[in-house]
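Written out below as structure tokens is the structure these notes cover.
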There are 2 protein chains.
Amino acid sequence: MKIQELADKMGLTIHTIRFYEKEGLLDNRHVRRESNNYRNYSEEAIERLKLIKKFQSIGCSLAELKEALQDHDTNSRTNLQIIDWIQGKKEEIERKKQEYDQMLDTLNKMLEYRTLLMNDPQKAEEMLRNWHTGSSD
Amino acid sequence: MKIQELADKMGLTIHTIRFYEKEGLLDNRHVRRESNNYRNYSEEAIERLKLIKKFQSIGCSLAELKEALQDHDTNSRTNLQIIDWIQGKKEEIERKKQEYDQMLDTLNKMLEYRTLLMNDPQKAEEMLRNWHTGSSD
DNA sequence: GCTTGCCCTAGAGTTCACTTCATAGTTTAT
DNA sequence: ATAAACTATGAAGTGAACTCTAGGGCAAGC
């Protein structure tokens with residue numbers, strides 16, 4: 001299979017696929033060269049790219065991905081280590097979610113204030129005063 | 001107040017402050033030049049940086065920030081427009097949270113599978129088969 | 001008057017995950 | 001035979017928000 005065909009199948013551009021190869025995410029199980037130097041992809045390449053997409057979908061950077069794929073290839077991690085890794089990832093994402101929650105808190109307070117400002121400017125003033133005591137701005 | 005003092009007060013680096021100025025986030029209400037060309041910051045600069053931080057804390061890019069600050073300076077938006085904007089921001093953040101939720105879903109499934117693999121490999125096999133039907137990988 | 005430690009500028013470097021470009025060889029269709 | 005469409009390479013560009021460097025000018029203490 002040539003590069004454009006693979007790209008179409010996977011919903012990627014040929015540039016991205018070559019980029020992944022350069023980054024060491026694909027090896028000779030996935031790509032070989034024809035006599036004219038064109039890349040020829042095996043079926044395994046499809047599985048590989050699916051795996052790459054899966055790792056990306058759980059928030060992995062390409063650097064992490066590379067490591068994970070190497071471990072995957074060499075079977076070099078125990079189930080327990082993998083479980084640990086998953087839990088670490090989960091915590092990482094929980095933290096990011098919490099950051100967003102804080103943003104939402106702030107936005108909700110702003111919204112409350114602005115709404116009050118339309119309906120009852122006096123109470124809005126009060127709210128502003130209470131808000132000032134104990135936080136920034 | 002000189003730049004290092006302001007940086008210390010605000011928990012920023014002098015580079016960041018100069019960068020903000022270059023980006024048009026600070027103007028002559030906040031910085032003036034001394035005879036030796038050193039920047040001299042007013043108290044308003046502190047408020048300005050606090051405001052910048054607040055906008056950042058609710059997930060604004062510097063580009064958005066710039067716009068928001070201009071509106072803030074010129075008082076050019078009605079309360080209703082601001083409420084709309086806040087709601088838009090909220091939706092944006094909710095969407096990002098949902099992406100993280102999807103990641104967590106996937107991670108939880110992986111975790112479940114890996115845990116089962118330790119305790120009951122046969123059931124884990126089953127799970128894998130069921131998982132395959134209806135999704136990728 | 002010398003060192004240390006601020007301050008200035010313009011511009012380059014960083015990270016990430018691509019994307020685009022310039023240039024050139026190969027294959028396919030007409 | 002020639003044009004269109006594909007392939008290859010290495011290198012540069014993108015965007016966001018800084019961060020750092022080089023090369024220089026002031027300032028304060030001894």
Within the pair A:Thr16 and C:dT19, is there a side-chain N or O less than 4.0 Å away from OP1 or OP2?
yes
Would one find more than 12 heavy atoms of other residues, nucleotides or ligands at under 6.0 Å from atom CD of A:Gln122?
no
Flag the pair B:Lys89 / B:Glu64 as yes when at least one side-chain heavy-atom distance between them is below 4.5 Å, and no otherwise.
yes
Ranking B:Ser61 and B:His15 by the position along DNA chain D of their nearest nucleotide, the one closer to 5' is B:Ser61
Heavy atoms under 4.0 Å is the rule here; annotate nucleotides 7-14 of chain D 5' to 3' with B where the base is hit, S where only the sugar-phosphate is, and - elsewhere.
SSB-----
Looking at side-chain heavy atoms only, is the closest gap between A:Thr115 and A:Leu111 below 4.5 Å?
yes
Let me know the distance between CZ of B:Phe19 and P of D:dT21, rounded to the nearest Å.
18 Å
Distance in angstrom units between B:Tyr20 OH and D:dA16 P, rounded
14 Å
Length of the line joining B:Leu6:CG and C:dC8:C1', which is rounded to integer Å:
16 Å
Using whole Å, report how far CD1 of A:Ile52 lies from C1' of C:dA17.
13 Å
Are side-chain N/O atoms of B:Asn130 and B:Glu126 paired as donor and acceptor at under 3.5 Å?
no
A:Lys123 atom NZ, neighbour heavy-atom count above 12 within 6.0 Å
no
Have a look at A:Gln56 and say if it touches a base, only the backbone sugar-phosphate, or nothing, with a 4.0 Å heavy-atom cut-off.
sugar-phosphate
I need the CG-P distance between B:Leu25 and D:dA17, as an integer number of Å.
10 Å
Rounded to the Å, how far apart are B:Lys66 NZ and D:dC18 P?
14 Å
Kindly say if B:Thr13 contacts the phosphate of D:dC18, meaning a side-chain N or O under 4.0 Å from OP1 or OP2.
no
Residue pair A:Asn79 / B:Arg114, side-chain donor-acceptor N/O under 3.5 Å:
yes
Between atom CD in B:Glu21 and atom C1' in C:dC8, what is the gap in whole Å?
11 Å
Check this for me: A:Glu67, atom CD, are more than 12 non-hydrogen atoms of other residues, nucleotides or ligands nearer than 6.0 Å?
no
